[in-house]
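Please read the structure below before turning to the comments.
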There are 4 protein chains.
Amino acid sequence: MARKLTAKGTKRRSELLDYAARTFARDGYHTTSVASIVEGLHVGKGVFYWYFASKDELFIHILAEAQRALRLAQRDAIAGEHDPVRRIEQGIRASMRWLSEHRHLFVLTEFARTEARFAPVIRAGERQAVEDALPHVAAGITAGLLRREDPEVMTAAIIGVTAHLARVLVLEQGRDPDRVAQAAISFCRDGILQEAEVRAAAESAGASG
Amino acid sequence: MARKLTAKGTKRRSELLDYAARTFARDGYHTTSVASIVEGLHVGKGVFYWYFASKDELFIHILAEAQRALRLAQRDAIAGEHDPVRRIEQGIRASMRWLSEHRHLFVLTEFARTEARFAPVIRAGERQAVEDALPHVAAGITAGLLRREDPEVMTAAIIGVTAHLARVLVLEQGRDPDRVAQAAISFCRDGILQEAEVRAAAESAGASG
Amino acid sequence: MARKLTAKGTKRRSELLDYAARTFARDGYHTTSVASIVEGLHVGKGVFYWYFASKDELFIHILAEAQRALRLAQRDAIAGEHDPVRRIEQGIRASMRWLSEHRHLFVLTEFARTEARFAPVIRAGERQAVEDALPHVAAGITAGLLRREDPEVMTAAIIGVTAHLARVLVLEQGRDPDRVAQAAISFCRDGILQEAEVRAAAESAGASG
Amino acid sequence: MARKLTAKGTKRRSELLDYAARTFARDGYHTTSVASIVEGLHVGKGVFYWYFASKDELFIHILAEAQRALRLAQRDAIAGEHDPVRRIEQGIRASMRWLSEHRHLFVLTEFARTEARFAPVIRAGERQAVEDALPHVAAGITAGLLRREDPEVMTAAIIGVTAHLARVLVLEQGRDPDRVAQAAISFCRDGILQEAEVRAAAESAGASG
DNA sequence: CATGAATGAGGCTTCATTCAT
DNA sequence: GATGAATGAAGCCTCATTCAT
């Protein structure tokens, strides 16, 4: 494609992208037909194929755009921040908020991973996300702020926690994204284990009790 | 359905279940046709519908069976264990191993979540998983071994870490599941933050350095 | 076919015929599968093909049997009767009662007429019915009891009235077959027109009124 | 459905309707595949489903349209006529002619009655037909022109005679519809019985002979 | 740019019939 | 005689895509 678009054309194109994304997310990619998309927008089928070469291409556009937007949100969030730990925290907060506000795009990402044609797009995006976060983790380790563990593992774990809590607690259970972000941060920072001293106190109390 | 099956029939049914699961996982559910399944097994198309009412029904069987099997593996893993923390650790290890050994079923689960008719199955399974793990987390908190945080959040976070590391590090990168399990456990136990004392030492060293 | 059947075999065969006939009538011939018939009788598919060469053959048996039975009922009804008009009346009564008691067979006959493979069976049966009734009509004309009209037309008309009233009033509306038979007889005998004298009286009354 | 159709589209749609109706009538509804219909019209399979949601829906359209057309023909036929008896006669004539000219639609109606999903359409149409004719019969009775019998029964009988003679004498035997209509009228008006006086004369003659 | 119409491969499912045991 | 299993042609329908206007 890469057509030159008029102002109206640009608008049409984003209408298509947005409506398709929401419909794909709600009904599934395969379950949504091109016909239903153009019907939903009250336009002819020609419109669709004027702006996009194929249904697949449209979907890949949606995915790429979503990844770009999330990355931007994360970048903005850590812009003025220099402490590695707080950068990570801000990243988690921004991600949680973005996933909450663009839940339909989140769902699409999860689907895309399961189909051979789209998986590479997602994997590339995820590698990118890891590469974006890795330096902060590494810096945190170097600065002695973070444990001396494989930084790639740590990064992946943080992403995993964030995504899963976003899905289960925010999207499915409807909890407040900022609170869930805080919980995710707390979990990632300190884990689940009680601090040694407190634990010792509790144990002696338990023994004496 | 619910036919009476002979020994041969039972075998055929599992062949179908297994072959279909692997093919769905490799090529995607929608991309795999019933025709290709029966061709792959060198049987007539009717065989499929002798054992299953529909492609969807077969898929739901696969999902349910996978959830049951993972749950059994987890149950076995914590059988002889009474300490809540070690129960959680064993659960993570067992899950990681199972997901690594049944990666195709893991992939299917992730897809199923993205389609309205299958999502309920997955969500039910996940609720079940949370309910299974929750008591141990709660017991750990009561015993003063775990931080006094929302146990449901903790449980969800643990599941999120485990699943994500399984996918990225084990399935995609091919790392050893037991090592990844250990990393997941370590992350979940202690988080990423360096212990306060070490941190203090590092900071003073950094200051003096 | 034409197997020699044991007593048990004969029973099985009529069970099949009866169950199939009722199911065909209720659900339609094409809509009823051989599988559903054997399932309904809790037997294997082999049973079906042991007694009948094909689904079509079974159906044709049902049709032929139905026609034979109706014909017998009619024959019995006029057995002791020698007056042509009363023979016709008794024929109508017997038919109405039989159709009411074997409504499922009636429905099948109507369907069979609409499919090229079965239509000839029905038409043959109907020709037979006309041939059976024709002599009585002809005798009635000769005896000066019936109008001097084309006897074939009269016969067809009588059959038409009987069948239609059976379907609409007895089967659909659930009226009493004997009453409907009486109405059919009355209609066939005298038509709808008021007798001339009564009509004349009414008209003069209307004129004076 | 309920599409906006262009002139060309409207034409296509009627082509489909007409061709399908004739083919269904000739070969049977179940025996006629959608594939054979579109092949017969030299169009792609999609065309069928562009205009109709399903084979069943198309068929129901055909039935409804047929009923509407027959009703119109009847209405036209009695338009200038005020005498109840002549209205009935004209109705019979118009019906006979219409059935003869649209024999394929007649056949479809008869089939439709035998399948659960179509039967309601037919029954509704038939109720309509009875309701249309009933007033004239009732008026005839009130005016003293027709016998004082259950008008619904009379109406049903008239319809039964007309339909049956149309099928057997016109469609199957190829007789002239107007002559058959006349015979039907005569039958319905006067029945089969010879008038009393003629009968008496005949009997005395027979006695003396 | 846009529309309604058309294409036709391909998908899911049914089902009469046959067969090994 | 009888069963569960298997066959595979054929049916209905969907849908991404193309095209004439």
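Quick note on labels: first sequence line is chain A, next is B, and so on, each numbered from 1. Note that these values count all heavy atoms, side chains included, but never hydrogens, waters or copies made by symmetry.
For Glu65(B), the side-chain contact (heavy atoms from CB on, under 4.5 Å) partners at least two apart in sequence or on another chain are Arg68(B). Every residue two or more places apart in sequence or in another chain that forms a ring-ring contact (aromatic ring centres under 6.0 Å, His included) with Tyr29(A) is listed here: Phe24(A), Phe59(A), Phe111(A), Phe118(A). Legend: residues meeting salt bridge (Lys or Arg N to Asp or Glu O under 4.0 Å) with Arg103(A), ordered by chain and number and at least two apart, are absent. Remark: Val121(A) engages Ile60(A), Leu63(A), Gln67(A) in a side-chain contact (heavy atoms from CB on, under 4.5 Å) (not counting sequence neighbours). Checked against side-chain contact (heavy atoms from CB on, under 4.5 Å), Arg12(D) has the following partners two or more places apart in sequence or in another chain: Glu15(D), Val43(D), Val47(D), Tyr51(D). Applying the side-chain contact (heavy atoms from CB on, under 4.5 Å) test to Ser33(D) and every residue at least two apart in sequence or in another chain returns Ala35(D), Ser36(D). In this structure, His104(A) has no ring-ring contact (aromatic ring centres under 6.0 Å, His included) partners at least two apart in sequence or on a different chain.
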Are any protein N/O atoms closer than 3.5 Å to N/O atoms in nucleotides 18-21 of chain E? If there are, list each pair with its distance.
none

Which dot-bracket string fits DNA chain F when only Watson-Crick or G-U wobble pairs with both atom distances under 3.5 Å count, crossing pairs get [ ], and | stands for a partner on a different strand?
.||||||||||||||||||||
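With distances taken from any side-chain atom of Lys55(D) to the nucleotides dC13(F), dA5(E), dA16(E), the minimum falls on dC13(F). For Val47(A), whose side chain is taken as the heavy atoms from C-beta onward, the closest listed nucleotide among dA16(F), dT17(E), dT3(E) is dT3(E).
Using a 4.0 Å cut-off, no side-chain N or O of Thr6(B) falls inside it from OP1 or OP2 of dT3(F). Within the structure, every side-chain polar atom (N or O) of Lys11(B) is placed at least 4.0 Å from both OP1 and OP2 of dG4(F). At the phosphate of dA6(F), neither OP1 nor OP2 sits under 4.0 Å from any side-chain N or O atom of Trp50(B).
Mapped onto DNA chain E by nearest heavy atom, Val34(C) and His42(D) fall at different nucleotides, with His42(D) at the one closer to the 5' end. Place Thr10(D) and Ala35(C) on DNA chain E by their nearest nucleotides, and Thr10(D) ends up nearer the 5' end.
Residue pairs meeting the salt bridge (charged side-chain N to carboxylate O under 4.0 Å, His left out) criterion with at least one partner in residues 20-44 of chain D, sequence neighbours excluded, are Asp18(D)-Arg22(D). Contacts classified as salt bridge (charged side-chain N to carboxylate O under 4.0 Å, His left out) and involving residues 116-125 of chain B (residues at least two apart or in different chains) are given here: Glu172(A)-Arg123(B), Asp56(B)-Arg117(B), Glu115(B)-Arg117(B).
Backbone-only engagement by Arg12(C) is indicated by non-hydrogen atom pairs under 4.0 Å involving sugar-phosphate atoms exclusively.
Contacts between residues 17-33 of chain D and DNA chain F, defined by a heavy-atom separation below 4.0 Å, involve Thr32(D), Ser33(D), listed by number.
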